[in-house]
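A quick write-up on the structure given underneath.
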Amino acid sequence: MKKSTPASGQLANGTTTVLLPAYFEALTRKENRTVQLTAKNGWSPLYVDGEVVNGKFTVKADSGNPHQQFFWEVKAVRADVAPLVVEKD
């Protein structure tokens, strides 16, 4: 089972750090976290610099609009649910 957290943000001089809710670290596994970014009201080459660590991640754009608005979504596997085991016939 995955936990999704959609939200929005904006760069300040080409970078910003997104803080996740306090429960995120306790609720999700550390491995295989992903972040999806979508530019809002324009386009800039947005990317996540590094990993989701300690409930936060950094978004950057080396070119384009240094104050670009964006939507973001983090996906991670929940830590409180056992992994699904596929049965073979």
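Quick note: numbers below take in every heavy atom, side chains included, and nothing from hydrogens, waters or symmetry partners.
Under 4.0 Å is where a charged nitrogen must lie from a carboxylate oxygen, and between Glu25 and Arg33 at least one such pair does.
Side-chain contact check for Thr15 versus Thr58: some heavy-atom pair is nearer than 4.5 Å.
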Problem set entry | Verdict with reasoning, Leu20 to Phe57, per side-chain contact (heavy atoms from CB on, under 4.5 Å) | CA-CA 8 Å; Leu20 298 170; Phe57 62 93; 3.9 Å; yes
Exercise. Under the side-chain contact (heavy atoms from CB on, under 4.5 Å) criterion, do Trp72 and Val18 qualify, and how do the steps go?
Worked result: CA-CA 9 Å; Trp72 59 265; Val18 175; 3.4 Å; yes
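Considering only residues two or more places apart in sequence or on other chains, Asn54 meets the side-chain contact (heavy atoms from CB on, under 4.5 Å) condition with none of them.
Note that OG1 of Thr16 and NZ of Lys56 are 12.0 Å apart. Values are rounded to the nearest 0.5 Å. In this structure, the separation between CZ on Phe70 and CG on Leu11 is 5.5 Å, given to the nearest 0.5 Å.
Under the 3.5 Å distance criterion, the side-chain polar atoms of Gln10 are matched with a main-chain donor or acceptor of His67.
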Atom pairs and distances, donor-acceptor, side-chain atoms in residues 41-50, under 3.5 Å, two or more places apart:
from: Asn41; atom 1: ND2; to: Gln69; atom 2: OE1; distance (Å): 3.2
from: Ser44; atom 1: OG; to: Asn65; atom 2: N; distance (Å): 2.8
from: Ser44; atom 1: OG; to: Gln68; atom 2: OE1; distance (Å): 3.2
from: Tyr47; atom 1: OH; to: Asp62; atom 2: OD1; distance (Å): 3.1
from: Tyr47; atom 1: OH; to: Asp62; atom 2: OD2; distance (Å): 3.2
from: Asp49; atom 1: OD2; to: Lys60; atom 2: NZ; distance (Å): 3.0

